[in-house]
Structure formats: C-alpha cells, structure tokens
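Take a look at the structure set out below.
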Amino acid sequence: MKRIDVREAITQAHHEEWARVVASLTRRFGDLDIAEEAAAEAFATAVQRWPADGVPPNPGAWLTTTANRKAIDRIRRENKRDDKHKEAQMSYDDPPEPLGAIDDDRLRLIFICCHPALAMEARVALTLRMVAGLTMPEIARAFLVAESAMGQRITRAKAKIKAARIPYRMPSADDLPARVSGVLAVLYLVFNEGYLASGPDTDPVRHELTTEAIRLTRLIRVLLPDDGEVAGLLALMLLIEARRPARVSAGGELVPLAEQDRGAWDAELIAEGHRLVRERLAAAAAGAAPGRYQILAAINAVHTSARDIRDTDWSQVLALYDQLVRLDPSPIIALNRAIAVAELDGPEVALAAVDRLEDKLAGYHAYHATRADLLRRLGRGHESRAAYDRAIELAGNTAETAYLTRRRDQLR
C-alpha cells in the first residue's frame with residue numbers, strides 16, 4: 001500500500017475509532033487521562049507501524065488492543081494500582097461486555113464529561129476532546145478563546161472528574177432530565193464542527209462527526225422520548241444534514257443556501273425533520289413552550305420547505321428569530337437574525353444591526369463575512385473588500401475561504 005494511502009487510512013481510523021477507543025479505555029481503567037494518552041499513543045504507533053506492516057484488517061480492534069497495552073504499561077510504570085486492582089484491570093484480552101441498544105460506551109462517556117459537577121463550558125470542551133477527538137485549536141476556535149486557555153480548562157475538568165470519583169455509567173432515570181441539557185449542547189457543537197469544520201487541515205465537511213452526533217442524539221431520544229429539546233435538536237441536525245450534498249461544489253468551494261441545488265437535498269432526512277417539527281408545533285399549541293433547539297429546527301423547516309430561495313417565508317423566519325432572541329440573546333443569534341432582516345427591510349437596516357455587534361464578534365469570521373455581503377449589496381465596494389479580507393483571515397474552513405475569496409475578487 002502506498003504511503004499516502006496508509007496516511008489516509010490512519011486519518012479515517014482516527015475519525016471513526018477515536019471515540020470508541022477512548023470510551024473503551026475509560027470503561028476499563030476509569031481514568032480519562034490514561035484513556036486519552038493511551039489512545040493518542042496507539043495512533044502514534046499506527047503512524048510508525050502501518051506503513052511497514054500494512055493497515056490491519058480491523059483497524060479499530062488493533063488500535064484498542066494497542067491502546068490497552070499502552071495504558072497498562074503506564075499503570076505499571078507509575079504504580080498507581082494495587083496488585084489486585086491491576087490484575088482485574090489488565091485483563092484486556094477478555095471479550096468486551098455486550099452492549100444493548102442504549103448501553104453505548106460513547107454515550108456513557110458523554111454523560112461523564114457532562115457531569116453537573118463541571119461548569120457548562122468545561123463539559124462541552126471536555127466532550128469535544130474526549131468523544132469527538134477534536135484538536136485543541138479546533139475546540140478553541142469553537143469557543144472563540146485562546147488555545148492555551150482551552151487546554152487549561154480541559155485539564156482542570158479531567159482533574160475534577162478524578163477527584164470527585166465520578167463513575168463511568170449512565171445517570172439514573174430520575175437524573176437524566178437535569179443532565180441532558182449539557183449533553184445536547186455538546187452534541188450540537190460536535191455536529192457544527194462536522195458540518196463546517198473550523199480547521200484548515202481537515203475536510204471542509206466532516207461527515208463522521210455529523211453522523212455520530214445524529215446517532216447519539218437518536219439514542220438520547222429513545223431515553224427521553226417526551227423531551228421537546230431532544231426532538232428539536234434531532235430535527236435541527238436532520239434538516240441541516242439534508243443540505244450537505246449541495247454545500248460544497250466540485251471545485252471545493254462552499255455553496256451558500258441561496259445558490260444550492262435543492263434537488264440534491266436528502267428528501268428522507270427533510271421529511272423526518274419536518275415530522276419532528278410538526279410534533280413540537282402541536283405540543284406548543286397545547287401549551288408547551290418551545291426551547292432553543294425547537295425554534296432553530298422550525299427556522300430550518302421554513303428554509304427546507306421553500307423550493308427556491310425566492311419562495312422563502314422571511315417574515316416567518318424573522319418572527320422565529322425574534323422568539324429565539326428572547327430565549328438566547330447571544331450575539332451570534334442576533335447576527336443570524338440580521339440576515340433575515342436584510343431580506344425584509346433591506347441591507348442598510350441589517351448593517352446597522354450587525355455593526356452594533358462589533359465589540360462581541362470582532363474575532364468571528366462570520367461577522368465580517370456578513371458585513372462584507374451587506375456592504376457589497378449597498379455598493380460600498382472598498383469597505384466590503386476590507387471586510388472580506390478580515391473574514392478570510394479568520395476563517396479556517398478551506399471551502400468557506402475559497403468562497404469568500406471569490407466573492408471578494410468579484411468586487412474588482
């Protein structure tokens with residue numbers, strides 16, 4: 001096998017197997033630090049061995065076995081376990097316990113990382129690292145913070161889990177509702193990183209992350225079938241994922257919603273997403289107040305109901321954003337609302353709303369990209385070009401950078 005093929009196989013194995021390996025080691029050894037470091041060492045060993053030995057028939061099993069051995073070596077070196085405990089933990093050749101429909105190692109790992117003993121931001125960051133396998137720069141970009149600060153946050157979170165002796169298991173039925181909000185926040189960020197990858201060294205769309213986020217959300221829906229926000233998040237993911245086949249052109253450029261081939265959208269995912277949205281609308285009519293994910297799903301249902309961008313019911317989109325702002329007055333929600341304002345009230349009104357967000361979103365590439373487009377529509381080419389330059393400088397996604405570069409160059 002060619003060296004480039006081996007490298008691609010290792011990259012694919014990391015995408016598909018990282019969470020399984022870490023979750024398996026966490027279950028066996030009960031230590032997130034050991035699990036993460038042993039998994040990383042296993043992948044480093046693969047980089048060294050696979051080019052010479054060939055890619056194993058079952059990469060996941062090879063990585064899990066190698067990682068177990070690395071973990072055991074570390075435990076022996078550091079002498080952190082008494083003999084009896086070591087003997088029990090080191091039986092890595094025993095077959096794994098069978099998993100049921102919900103008894104999923106990765107889902108259990110998420111609930112550990114999202115324990116209420118941790119601050120919400122720490123829960124999200126830790127899960128993005130341990131379950132999704134995102135790099136520290138990717139997680140830092142997702143939070144709009146420095147990489148060093150994010151590393152310290154994750155280190156403190158793992159130390160707190162160890163000190164509190166948080167068990168590796170699913171929470172009880174009574175505890176599930178209180179625990180699920182942090183899990184949903186994590187899964188949404190994992191999905192977003194897959195749908196529009198933040199790093200320049202990855203594929204612009206990481207299907208393995210969106211697929212895993214949807215899979216885990218489906219499992220949580222089985223656990224909590226009456227939870228409106230679980231249904232809302234699943235609907236939101238499905239309606240966004242349905243557009244994925246049309247989002248990147250053959251030339252590797254991001255295709256915005258207005259220019260997408262709607263015939264390429266996944267009709268089955270859209271139908272399922274619309275069905276979930278209708279269920280939540282019926283619940284809202286009966287008096288159940290919708291949450292953030294349900295409103296976001298409804299916004300996406302409006303977009304995916306239009307056969308053409310010109311058929312979009314922008315007044316309905318804006319009304320939903322007004323409802324969402326009352327629940328989540330974040331600057332990113334306000335930025336997205338301004339895009340709907342531009343369609344109804346014009347780019348000048350929208351630009352005034354966007355400019356009020358500068359202090360909070362100056363380091364966010366989408367803020368500058370939105371300004372660039374509004375300035376372009378107003379005929380202010382010089383200012384638009386400067387905004388595109390800043391958006392390109394901040395954007396990490398290669399497909400998005402290509403799109404922004406083309407739009408900037410068209411101003412000539």
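Any value given below was found using the heavy atoms of this structure, including those in side chains, with hydrogens, waters and symmetry copies removed.
The closest side-chain heavy-atom distance from H115 to R179 is below 4.5 Å. Considering only heavy atoms from C-beta on, V55 stays 4.5 Å or farther from W62 through its side chain. The shortest side-chain heavy-atom distance between V277 and R280 does not fall under the 4.5 Å cut-off. Here the side chains of L404 and R408 are not in contact, with every heavy-atom distance at 4.5 Å or above. Residues P59 and E16 fail the side-chain proximity criterion, which asks for heavy atoms closer than 4.5 Å.
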* For H368 and E393, run side chain to side chain donor-acceptor pair (under 3.5 Å): C-alpha distance rounded to whole Å, both residues' side-chain angles, the deciding distance at 0.1 Å, then the answer. => CA-CA 10 Å; H368 298 281; E393 179 184 348; over 6 Å; no
* For D31 and I75, what are the C-alpha separation, side-chain angles and deciding distance, and is it a side-chain contact (heavy atoms from CB on, under 4.5 Å)? -> CA-CA 11 Å; D31 189 301; I75 291 170; over 6 Å; no
* **Working for side-chain contact (heavy atoms from CB on, under 4.5 Å), residues L109 and L32** => CA-CA 9 Å; L109 182 57; L32 291 177; 3.8 Å; yes
* Going through the checks in order, is the salt bridge (Lys or Arg N to Asp or Glu O under 4.0 Å) test met by R377 and E343? -> CA-CA 11 Å; R377 292 167 64 178; E343 299 301 324; 3.6 Å; yes
* Apply side-chain contact (heavy atoms from CB on, under 4.5 Å) to the pair N336 and I299, showing each step before the final yes or no. => CA-CA 11 Å; N336 291 333; I299 292 169; over 6 Å; no
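Residues satisfying the side chain to side chain donor-acceptor pair (under 3.5 Å) test with R247, not counting sequence neighbours, are Y195. Take H14 and apply the ring pair (Phe, Tyr, Trp, His ring centres under 6.0 Å) test, not counting sequence neighbours, and it matches W18, F43. Scored by the side chain to side chain donor-acceptor pair (under 3.5 Å) test, D322 finds R337 as partners (sequence neighbours excluded). Residues that satisfy the side chain to side chain donor-acceptor pair (under 3.5 Å) test with E259, not counting sequence neighbours, are absent from this structure. Annotation: side chain to side chain donor-acceptor pair (under 3.5 Å) contacts of D73 (sequence neighbours excluded): none. Evaluation of the salt bridge (charged side-chain N to carboxylate O under 4.0 Å, His left out) rule for D226 yields no partner, not counting sequence neighbours. Remark: Y188 pairs with Y293 by the ring pair (Phe, Tyr, Trp, His ring centres under 6.0 Å) rule, at least two apart or across chains. Residues satisfying the side chain to side chain contact (heavy atoms under 4.5 Å, CB included) criterion with N58, sequence neighbours excluded, are A61.
The stretch residues 378-407 participates, sequence neighbours left out, in no ring-ring contact (aromatic ring centres under 6.0 Å, His included) pair at all. Within the structure, no pair that satisfies the ring-ring contact (aromatic ring centres under 6.0 Å, His included) test touches residues 224-268, not counting sequence neighbours. Sorted pairs that involve residues 260-269 and meet salt bridge (charged side-chain N to carboxylate O under 4.0 Å, His left out), not counting sequence neighbours, are lacking altogether. For residues 294-325, the ring-ring contact (aromatic ring centres under 6.0 Å, His included) pairs, not counting sequence neighbours, are H303-W314.
Across L233, L223, L224, a single residue satisfies side chain to side chain contact (heavy atoms under 4.5 Å, CB included) together with V180, and that is L224. Just one of T370, L374, V341, D373 meets the side chain to side chain contact (heavy atoms under 4.5 Å, CB included) condition when paired with L351; it is L374.
Under a 3.5 Å cut-off, the side chain of N300 and the backbone N or O of L296 do form a donor-acceptor pair. Of the possible polar contacts, one joining the S249 side chain to the E253 backbone as a donor-acceptor pair under 3.5 Å is found. In this structure, K160 contributes its side chain and L118 its backbone to no donor-acceptor pair below 3.5 Å. Put simply, the side chain of T312 gets close to the backbone of I309: a donor and an acceptor are under 3.5 Å apart. Listed for the S384 side chain is a donor-acceptor partner under 3.5 Å among the backbone atoms of A372. When atom types are taken as modelled, the side chain of T211 and the backbone of E208 share no donor-acceptor pair closer than 3.5 angstrom.
Atoms CD and CZ, from E241 and R243 in turn, are 10.5 Å apart once rounded to the nearest 0.5 Å. From L254, atom CG reaches atom CG of L196 across 6.5 Å, with rounding to the nearest 0.5 Å. Note that CG of L234 is 5.5 Å distant from CG of L276, once rounded to the nearest 0.5 Å. In this structure, CD1 in I112 is found 9.0 Å from CE in M130, a value given to the nearest 0.5 Å. Atom CD1 of I333 is separated from atom CG of D328 by 5.0 Å, given to the nearest 0.5 angstrom. Between atom CE of residue M237 and atom OG1 of residue T217 there is a gap of 3.5 Å, rounded to the nearest 0.5 Å.
Across every non-hydrogen atom of G291 and L327, the tightest pair is C-CD1, 3.8 Å. What you find for Q294 and G232 is that their closest heavy atoms are CG-CA, 3.9 Å. The two residues L25 and N68 come nearest to each other via the heavy atoms CD1-ND2, 3.9 Å. The nearest pair of heavy atoms linking P331 to L357 is O-CD1, 3.7 Å. Taking every heavy atom of both residues into account, G194 and L209 meet most closely at CA-CB, 3.7 Å. When every heavy atom of P347 is checked against every heavy atom of L378, the shortest pair comes out as CG-CD2, 3.7 Å.
The pair D105-R20 fails the salt-bridge criterion, with no side-chain N (NZ, NE, NH1 or NH2) lying under 4.0 Å from an Asp/Glu carboxylate O. With salt bridges taken as basic N to acidic carboxylate O contacts below 4.0 Å, none links E400 and R407. Ion pairing of K158 with E36 is present here, as a side-chain N (NZ or NE/NH1/NH2) and a carboxylate O approach within less than 4.0 Å. Checked for salt-bridge contact, E272 and R218 meet the test: a charged N lies under 4.0 Å from a carboxylate O.
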